[in-house]
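Computed over heavy atoms, backbone and side chain alike; hydrogens, waters and symmetry mates excluded. To find a chain, count down the sequence lines: A is the first, B the second, and so on, and within it residues start at 1.
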Amino acid sequence: MYFEIVDHLNTVLAETISTLTPETPFDAASCTFVATKDTTHGDLTTNAAMVLAKTLKKNPREIAAMFQEKLTASPHVEKVMIAGPGFINIRLSGTVLIDTLKSILKEKEHYGRSFRFSGKKALVEFVSANPTGPLHVGHVRGAVVGDTTAELLRAVGYEVTREYYYNDAGVQMQMLGRSVQARYRQLFGVDSPLPENGYKGDYIRYIAAGLKSSRGDSLLREEKWEPFTEYAADVLMNIIMDDLRRLRVLFDATFSERSLHTSGAVARTLKQLAEKGATYEQDGAIWLRTTDHGDEKDRVLVKSDGEPTYVTPDIAYHCDKYDRGFDLLVNVMGHDHHSQVERVKTALRIFGHNLDRLQYLLNQMVSIQREGEKVKLSTREGQFMTLAEMVDELGADVTRYFFAQRSYKAQMIFDWDLAKKQSMDNPVYYLQYVHARACSMEEKAIERGIGVSPAMEFDTSILMGEKERLLLLKLFYYPSFVSDAAERFETQLIPTYLEDLAKMFHTYYQAQRVLDQDDPAGSLARFHLVLAIRQVMRNGLGLLRVNAPERM
RNA sequence: GCGCCCAUAGCUCAGUCGGAUAGAGCAACUGCCUUCUAAGCAGUGGGUCGCAGGUUCGAGUCCUGCUGGGCGCGCCA
């Protein structure tokens with residue numbers, strides 16, 4: 001409904017603009033209708049007249065008047081008002097709002113979804129933590145941002161793949177294997193110290209104990225670290241995926257770094273870069289000429305010991321993503337990997353890949369405020385706050401909501417005490433309460449013999465009161481928020497919208513009796529409105545993968 | 001030194017990507033349950049949108065320069 005109406009109005013706008021400016025080419029796309037911020041200014045507004053003022057050398061209000069007739073003729077428009085310096089404000093016809101209500105009740109969970117990107121494929125890569133330990137708070141933010149973004153993209157028509165890239169090769173994995181090996185030997189009383197910079201966490205002992213119970217002492221004479229790495233990585237990947245599942249994050253695919261080595265993709269990438277003259281050899285290492293693309297120094301692709309650096313398989317991985325034919329590639333990772341991004345992009349540019357298809361979402365750091373105390377978290381320091389602990393203490397709903405609520409770009413202070421509260425102070429419960437309250441009203445309605453009319457027959461004039469009208473208008477805007485959130489990769493637009501809607505609903509509930517024994521016609525009409533609000537709340541929470549309980 | 005991000009109410013943050021009188025929640029204060037859930041509602045106080053310029057009809061939003069904070073800048077990942 002929203003896009004249908006706004007597209008129609010924008011077309012009228014564009015046509016009128018082209019008749020007004022037949023000589024001068026004018027970008028009509030820059031003049032569109034948007035929702036008003038202040039309801040006293042009508043429902044939709046455009047600044048077209050003011051933008052055109054310079055080109056036409058006329059007073060904006062005078063220009064606005066030239067649009068008025070055409071717009072008034074639209075069946076979707078009740079009234080056109082010219083206000084302020086030259087805004088064209090539109091009040092939508094009641095039919096539009098009633099049709100919105102009907103389509104919500106008809107489309108149900110599909111309301112708000114669109115087909116703007118139907119037929120397009122998107123890959124969202126996120127979390128991608130190495131299997132060297134359990135996930136911590138920093139990963140949770142990436143997990144929520146990535147998963148919610150994926151869900152938003154799906155809501156606007158993309159066929160989405162969620163992928164987890166993990167480094168099961170390299171020095172860190174060797175360290176993991178050797179740490180487990182040491183703990184394993186200790187279990188048999190062998191004096192075997194942890195390697196320098198080895199992993200000290202208790203989970204290493206846990207993994208070693210698991211190995212002992214499944215393999216006995218059969219690995220005691222094993223000198224190589226690889227079997228230990230393989231086993232530990234396997235265990236840790238399972239733990240990671242279990243934790244993520246508890247956060248309601250499910251991946252469609254994992255992609256192993258080692259597979260890029262064994263398949264020859266890394267070697268092929270290096271060869272192709274060399275053929276393009278983008279690399280050279282010096283001091284026994286192979287360098288990428290990133291300085292040709294604005295870097296301050298060239299970067300090493302292959303170390304003098306013959307081992308590739310981290311960036312090399314990452315380049316091969318991204319080439320693989322391009323080869324798989326996605327229309328959109330989204331990468332969610334910590335902002336501390338920023339310099340890495342430029343190197344990958346440089347290589348992709350050398351290969352001639354279209355960087356417009358690649359979108360990095362670099363989320364900033366999270367710190368936790370708990371009982372007034374600020375706990376800073378970083379990968380290097382020992383982590384006492386893991387994903388599992390968060391979900392245990394706060395639940396998936398609260399954990400997800402708190403991260404989705406904020407822009408990924410800004411550093412975030414996670415208010416643990418607020419998140420912990422199961423009260424009205426906590427926005428999650430505030431939203432869920434809308435849903436529960438509406439469900440409770442439905443029960444009451446059924447008791448009183450009020451049911452949804454399949455033919456949508458109810459007295460629509462009752463919903464044209466100003467309070468009801470504003471609620472309908474809010475529901476009308478919902479698809480635009482979904483669309484904006486997806487296109488701009490801004491998850492927080494959804495919580496912002498839902499909190500607005502919740503506020504309006506609770507206010508309405510307080511001010512207006514919905515189910516009134518003395519007013520059956522009014523009760524029926526308002527009941528339909530409540531059901532529509534409940535549906536949108538459920539859909540919005542669904543995008544965030546937050547539960548909408550029927551009872552609280 | 002260079003790069004990226006941030007700076008909005010006492011605190012945590014929004015601000016629909018240049019619009020009209022800058023918002024919400026928390027905290028503080030005052031009211032409202034015999035009713036469809038008070039996990040709620042209504043109201044009060046609280047601001048030089050870090051600073052200084054610039055762009056234009058119009059700037060919290062865009063540009064430049066500062067200040068302050070975070071992160072990065074490795075033949076680590």
Could you tell me the separation between the [atom1] atom of [X] and the [atom2] atom of [N], rounded to a whole number of Å?
X         : N      : atom1 : atom2 : answer
Met81(A)  : G19(B) : CE    : P     : 19 Å
Lys409(A) : C13(B) : NZ    : P     : 16 Å
Lys503(A) : C26(B) : NZ    : C1'   : 13 Å
Arg406(A) : C11(B) : CZ    : C1'   : 11 Å
Leu418(A) : G25(B) : CG    : P     : 13 Å
Gln174(A) : A77(B) : CD    : P     : 11 Å
Asp516(A) : C36(B) : CG    : C1'   : 10 Å
Gln492(A) : C17(B) : CD    : C1'   : 11 Å

Touch check for [X], heavy atoms < 4.0 angstrom, all strands: base, sugar-phosphate only, or nothing?
X         : value
Ala436(A) : base
Asp484(A) : sugar-phosphate
Asn89(A)  : base
His41(A)  : base
Ala445(A) : nothing
Gln340(A) : base
Thr496(A) : sugar-phosphate

[X] side chain: which of [options] is closest?
X         : options                : value
Gln510(A) : A77(B), C41(B), A20(B) : C41(B)
Tyr509(A) : C41(B), C36(B), G19(B) : C36(B)
Met412(A) : C13(B), C17(B), G70(B) : C13(B)
Gln411(A) : C73(B), G70(B), C17(B) : G70(B)
Asn130(A) : A20(B), C71(B), A77(B) : A77(B)
Gln364(A) : G19(B), C13(B), C5(B)  : C5(B)
Thr507(A) : C41(B), A77(B), A14(B) : C41(B)
His335(A) : C5(B), C41(B), C73(B)  : C5(B)
Lys444(A) : A20(B), A39(B), C36(B) : C36(B)

[X]-[N] aromatic stacking (under 5.5 Å, under 30°):
X         : N      : value
His337(A) : A77(B) : yes
His338(A) : G3(B)  : no
Phe87(A)  : G19(B) : no

Report yes or no: is there a donor-acceptor pair, N or O only, under 3.5 Å between the side chain of [X] and the base of [N]?
X         : N      : value
Asp500(A) : A14(B) : no
Asn47(A)  : G19(B) : yes
Thr309(A) : C75(B) : no

Query raised in the report: Does CD belonging to Glu466(A) count more than 12 external heavy atoms closer than 6.0 Å?
Result: yes
Query raised in the report: Does atom CD of Glu550(A) have more than 12 heavy-atom neighbours from other groups under 6.0 Å away?
Result: no
Please state the [atom1] separation for the pair [N] and [M] - nearest whole angstrom.
N      : M      : atom1 : result
G25(B) : U61(B) : C1'   : 23 Å
A27(B) : G46(B) : C1'   : 11 Å
G50(B) : G15(B) : P     : 15 Å
U8(B)  : A24(B) : C1'   : 13 Å
A7(B)  : U48(B) : C1'   : 15 Å
G69(B) : G31(B) : P     : 45 Å
C5(B)  : G43(B) : P     : 40 Å

Kindly say if [X] contacts the phosphate of [N], meaning a side-chain N or O under 4.0 Å from OP1 or OP2.
X         : N      : result
Lys37(A)  : U21(B) : no
Lys297(A) : C75(B) : yes
Lys303(A) : A77(B) : yes
Tyr430(A) : C41(B) : yes
Arg437(A) : A38(B) : yes

Query raised in the report: Is the NZ or CZ atom of Arg178(A) both under 6.0 Å from the centre of the six-membered ring of Trp225(A) and within 45° of that ring's axis?
Result: no
Report task. Report yes or no: is the cationic atom of Arg437(A) (NZ for Lys, CZ for Arg) under 6.0 Å from the centre of the six-membered ring of Tyr509(A), at an angle within 45° of the ring normal? Result -> yes
Residues 337-348 of chain A side chain polar contacts: donor-acceptor under 3.5 Å, at least two apart:
residue	atom	partner	partner atom	Å
Gln340(A)	NE2	Asp314(A)	OD2	3.3
Thr346(A)	OG1	Glu342(A)	O	2.8

Requested in this report: Please work out whether C33(B) sits syn or anti, treating a glycosidic angle within 90° of 0 as syn.
Outcome: syn
Using ring centroids (six-membered ring only for Trp), state whether [Y] and [X] fall under 6.0 Å.
X         : Y         : result
Phe403(A) : Phe414(A) : yes
Phe255(A) : Tyr317(A) : yes
Tyr2(A)   : Tyr478(A) : no

**Report entry** Side chains of Thr36(A) and Asp38(A), donor plus acceptor under 3.5 Å
**Finding:** no
Query - Range-with-range stems of RNA chain B (Watson-Crick or G-U pairs under 3.5 Å, three or more in a row) - result: B:1-7 with B:67-73, B:10-13 with B:23-26, B:28-32 with B:40-44, B:50-54 with B:62-66
